[in-house]
Amino acid sequence: MSEDFTQDRLAKVERLRAAGIDPYSRGFKPTQSSESAKALLGEGDRTEPVSVAGRLMAKRPHGGLVFAVLQDGQGRIQLLAARDIIGEEQFARFADLDVGDIIGAKGPIFRTKRGEITLEVQSFQLLTKSLRELPEKWHGLKDIEIRYRQRYVDLIANPEVRSVFRARTKIITAMRGLLDERGFIDVETPVLQEIPGGGHARPFMTHHNALDRDLYLRIALELHLKRLLVGGFERVYEIGRAFRNEGLSPRHNPEFTMLESYQAYADYEDVMQLVEDLVVVAAMAADRPLETSYQGESVNLTPPFRRARMADLVLEFAGRHALGEELNDLFEEHVEPRLRQPTFVLDYPVEISPLARPRDDDPRFVERFELIILGREYANAFTELTDPIDQRARFEAQAAMRASGNVEAHPMDEDFVRAIEYGMPPAGGLGMGIDRLVMLLTDQPSIRDVILFPVMKAEA
RNA sequence: GCCGGCGUAGCUCAGCCUGGCAGAGCGGCGGUCUUUUAAACCGACAGUCGCAGGUUCGAAUCCUGUCGCCGGCACCA
């Protein structure tokens, strides 16, 4: 029973204190990680003493010996404590440690009879006493609810989960690196907004007490980044959290991470190349080959990706001509789920794209693309609308839809219109869902597997 | 919001269909053991069967409600 268990550990803490041992001590400085310590041995028999620190993950007492496994941020290393080496008293204290305790240990690295590279404990220090039992060593932690609610336990027990989040960081770093290299500057724009624009979604609402104003959490980054283009920054990007007040699914978390970038004097053709480059550097960062698979389905991320007009695809898959929202509806129903390999879907209907520039040769369509892989959307981009008169008319059309009950229609943003009345350079803009890209590149089935603390209801 | 599945020891799971003493492995606890690798062996312990109600002589098991998780749909990046 867990209460008894904690009581046992609490009693142990008291015994330690009574013996003059601080169960929450400090000051131990590791000189090596588990992995670098093991590498030190090389072909040798024995090294000089080194210090490592981490969490005890296994303990195998064997009479006058205790084998233990220490896990740190890099990996694991076996420890061997022997009564003959550290003496009766220290040996008893080592044997009294619990799996889950955080300790520091010092001693030479050697190889056991079975060939395991091991630190021979000459001294050790209890740094943090654990009061709770870790999940079982063999089956590990599988309960998906505990894994998400208590991610800290998941990260301790399931090393592969750590590697997913390391990959996530590497992917984002690599994407930033590419953008930085190309002269994009990394900016931060408001999360709390009076008018949640730049996308079609229901926002979260909050309230500022001192101002006595309702505010919204942003649903996209777009409109502020484009204001920066007006201001003279020619290449900007932001990687940040957006919030959408919608249902949850394996592909939707209410807060998620977007990359948006805007590049003056570019158009959506340029952005397609940028997206291809971003996908390639992200895959490399995640150690994922371009010819890969996701959940057992093969996918080839090698550029160039297929490019096809939405209207042509709808004709191909649905056998119909259509325009406007009907075209988009047919696309989503008949085409999107069947696009498995990376495909840039081009030229969306103007009606559903209030921020994109119309095609010069056919103003019923805009210069917009989405990148579809395995039936899912990974990027949305367009040549930006720079005509303030047209922009105001588009907003007014959206406002009319809003007035007739469409809660996701884009709200009027007078300040944004004012900004582009000063003049925004022609530009190509991009939005990418980082979480979904990480899912693809780490082969994780749910967005919750790539978000450290996904949204959950209150515990019962 | 709707539909379906799941919820049993710290962890991983049987048991539920067809009602009859609450089970296993691992972990933890006590012991033996000086080169183990899921160490091995011996021993004792471990439960609000998610929660509430109902049916029944008797409910983990059947029924109803409810909470949580998962999936699908709806909504939607």
Side-chain angles (χ1 to χ4, degrees), chain A residues 1-9 11-12 57-69 76-86 91 95-96 98-100 110-118 120 130-150 153-154 156-158 198-203 219-222 242-260 332 336 352 370-372 376-380 406-408 431-437 439 445-449 454-460:
Chain A
M1 187 168 149
S2 73
E3 280 306 302
D4 289 341
F5 168 79
T6 300
Q7 291 307 316
D8 284 350
R9 292 279 177 103
K12 196 176 265 192
M57 296 302 291
K59 201 175 78 169
R60 295 185 286 272
H62 205 95
L65 300 177
V66 174
F67 291 95
V69 175
R76 295 180 169 196
I77 185 170
Q78 179 169 268
L79 308 180
L80 171 62
R83 181 185 284 137
D84 291 349
I85 294 169
I86 59 174
F91 182 75
D96 191 46
D98 291 294
V99 170
F110 76 109
R111 217 178 304 266
T112 64
K113 284 179 185 171
R114 297 287 177 92
E116 175 96 14
I117 299 174
T118 299
E120 179 187 284
S130 172
L131 298 182
R132 290 178 182 270
E133 194 172 355
L134 286 175
E136 191 231 326
K137 61 192 170 191
W138 184 242
H139 295 93
L141 178 64
K142 287 186 178 170
D143 186 315
I144 214 163
E145 188 171 349
I146 299 177
R147 287 191 48 225
Y148 295 155
R149 282 192 195 284
Q150 299 179 245
V153 180
D154 190 28
I156 293 167
N158 297 320
H200 302 263
R202 294 165 73 169
I219 60 170
L221 321 182
E222 175 154 358
F243 305 84
R244 299 190 177 182
N245 205 339
E246 290 157 0
L248 291 76
S249 86
R251 293 162 298 283
H252 300 83
N253 195 62
E255 53 178 304
F256 62 101
T257 299
M258 292 188 76
L259 160 67
E260 289 200 23
E332 288 184 359
E336 195 169 38
I352 60 163
E370 292 193 358
L371 172 62
I372 308 297
R376 300 178 181 179
E377 181 199 328
Y378 285 83
N380 181 21
N406 183 343
V407 291
E408 281 99 26
M432 285 185 87
I434 296 295
D435 310 277
R436 289 184 183 176
L437 182 64
M439 285 169 67
S446 170
I447 197 167
R448 295 183 185 96
D449 297 316
V455 168
M456 302 286 277
K457 290 191 193 176
E459 278 183 82

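Below, each value reflects all heavy atoms present in this structure, side chains not excepted, and no hydrogens, waters or symmetry copies. Chain identifiers are assigned alphabetically (A, B, ...) following the order of the sequence lines, protein sequences preceding nucleic acid strands; residue numbering begins at 1 within each chain.
Pair assignment for B/U55 gives none, since no Watson-Crick or G-U wobble pairing has each distance under 3.5 Å. The partner of B/U37, taking Watson-Crick or G-U wobble pairs whose two distances both stay under 3.5 Å, does not exist in any strand shown. With both pairing distances under 3.5 Å, B/A74 is matched to nothing as a Watson-Crick or G-U wobble pair. The partner of B/C69 is B/G5, judged by Watson-Crick or G-U wobble contacts that both fall below 3.5 Å. The partner of B/G47 cannot be assigned: no Watson-Crick or G-U wobble pair with both contacts below 3.5 Å exists in any strand. Using the Watson-Crick or G-U wobble rule with both distances under 3.5 Å, B/C16 pairs with nothing in any strand shown. Using the Watson-Crick or G-U wobble rule with both distances under 3.5 Å, B/C11 pairs with B/G25.
If you check B/G28, B/U36, B/C13 against the side chain of A/Lys142, the one that comes closest is B/C13. Picking from B/C69, B/U36, B/G27 the nucleotide with the shortest atom distance to the side chain of A/Lys137 gives B/G27.
Among the atoms of the strands shown, base atoms are found under 4.0 Å from some heavy atom of A/Glu370. Across all strands shown, A/Arg376 has no heavy atoms under 4.0 Å from either base or sugar-phosphate atoms. A/Met456 comes within 4.0 angstrom of the backbone, heavy atoms only, and of no base. Counting non-hydrogen atoms under 4.0 angstrom, A/Gly199 reaches nothing in the nucleic acid. Counting any heavy atom pair closer than 4.0 Å across all strands shown, A/Ile219 reaches no nucleic acid atom.
Residues satisfying the salt bridge (Lys or Arg N to Asp or Glu O under 4.0 Å) criterion with A/Glu246, sequence neighbours excluded, are absent altogether.
In this structure a side-chain-to-backbone donor-acceptor pair under 3.5 Å is missing from A/Lys137 to A/Ala157. Judged by distance alone, the side chain of A/Asp98 and the main-chain N or O of A/Gly100 form no donor-acceptor pair under 3.5 Å. The closest donor-acceptor contact from the side chain of A/Asp435 to the backbone of A/Thr257 lies under 3.5 Å. With hydrogens and angles ignored, the 3.5 Å screen pairs no side-chain donor or acceptor of A/Arg111 with any backbone N or O of A/Thr118.
Annotation for A/Arg251: atom CZ counts as buried by contact number, over 12 foreign heavy atoms lying within 6.0 Å.
Separation of the C1' atoms belonging to B/G20 and B/A74 is 46 Å when rounded to the nearest angstrom. Taking atom C1' in both B/G19 and B/G54, the straight-line distance is 15 Å, to the nearest Å. When the P atom is compared between B/C41 and B/U55, the two are found 50 Å apart, to the nearest whole Å. Atom name P, nucleotides B/U18 and B/C62: the rounded distance is 8 Å, in whole Å. B/C3 and B/G65 have their P atoms separated by 10 Å, with the value rounded to a whole Å. Across B/C13 and B/U8, the matching C1' atoms stand 9 Å from one another, rounded to whole Å. Taking atom P on both B/C70 and B/G31, the two are 43 Å apart, rounded to the nearest angstrom. Comparing the P positions of B/A40 and B/G25 gives an interatomic distance of 12 Å, to the nearest angstrom.
Side-chain atoms of A/Gln150 and A/Arg132, non-hydrogen and from C-beta on, never get closer than 4.5 Å to each other.
Taking OG from A/Ser130 and NZ from A/Lys12, the interatomic distance works out to 10.5 Å, rounded to the nearest 0.5 Å.
Atom CD1 of A/Ile447 and atom P of B/C76 are 17 Å apart (whole Å). Remark: C1' of B/A39 and CE of A/Met57 are 18 Å apart, rounded to the nearest angstrom. Distance, A/His139 NE2 to B/G10 P: 17 Å, rounded to whole Å. Regarding A/Glu133, its CD atom lies at a distance of 12 Å from the P atom of B/U12, rounded to whole Å. A/Glu116 has its CD atom 7 Å from the C1' atom of B/U37, to the nearest Å. Here B/C70 presents its P atom at 11 Å from CG of A/Asn253, a figure rounded to the nearest Å. Rounded to a whole Å, the CD atom of A/Glu336 is 11 Å from the C1' atom of B/C76. One atom, NZ of A/Lys457, and another, C1' of B/G7, lie 15 Å apart when rounded to the nearest Å.
In summary, the side chains of A/Gln78 and A/Arg114 do not present any donor paired with an acceptor at a separation below 3.5 Å, with no hydrogens or angles considered. For the residue pair A/Tyr148/A/Asp154, the side-chain donor-acceptor check at 3.5 Å is not satisfied.
Taking only side-chain nitrogens and oxygens, A/Arg60 comes nearer than 4.0 Å to OP1 or OP2 of B/A39. In this structure, A/Arg132 does not reach the B/G10 phosphate: none of its side-chain N or O atoms is under 4.0 Å from OP1 or OP2.
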Check the interface with nucleotides 71-75 of chain B: list each N/O to N/O pair with the protein under 3.5 Å, or write none.
residue	atom	partner	partner atom	Å
B/G71	OP2	A/Arg448	NH1	3.1

N/O-N/O pairs, protein side and nucleotides 32-35 of chain B side, under 3.5 Å:
residue	atom	partner	partner atom	Å
B/C33	N3	A/Gly63	N	3.1
B/U34	OP2	A/Gly64	N	3.2
B/U34	O4'	A/His62	O	3.4
B/U34	N3	A/Asp84	OD2	2.9
B/U34	O4	A/Asp84	OD1	2.1
B/U34	O4	A/Asp84	OD2	2.5

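Taking every heavy atom of both residues into account, A/Pro250 and A/Met439 meet most closely at O-CE, 3.6 Å. The shortest non-hydrogen separation linking A/Ala81 to A/Ile86 is CB-CD1, 4.2 Å.
Between A/Leu141 and A/Lys59, the one whose closest nucleotide on RNA chain B sits nearer the 5' end is A/Leu141. Ranked by how close their nearest RNA chain B nucleotide is to the 5' end, A/Asp98 and A/Glu332 are led by A/Asp98.
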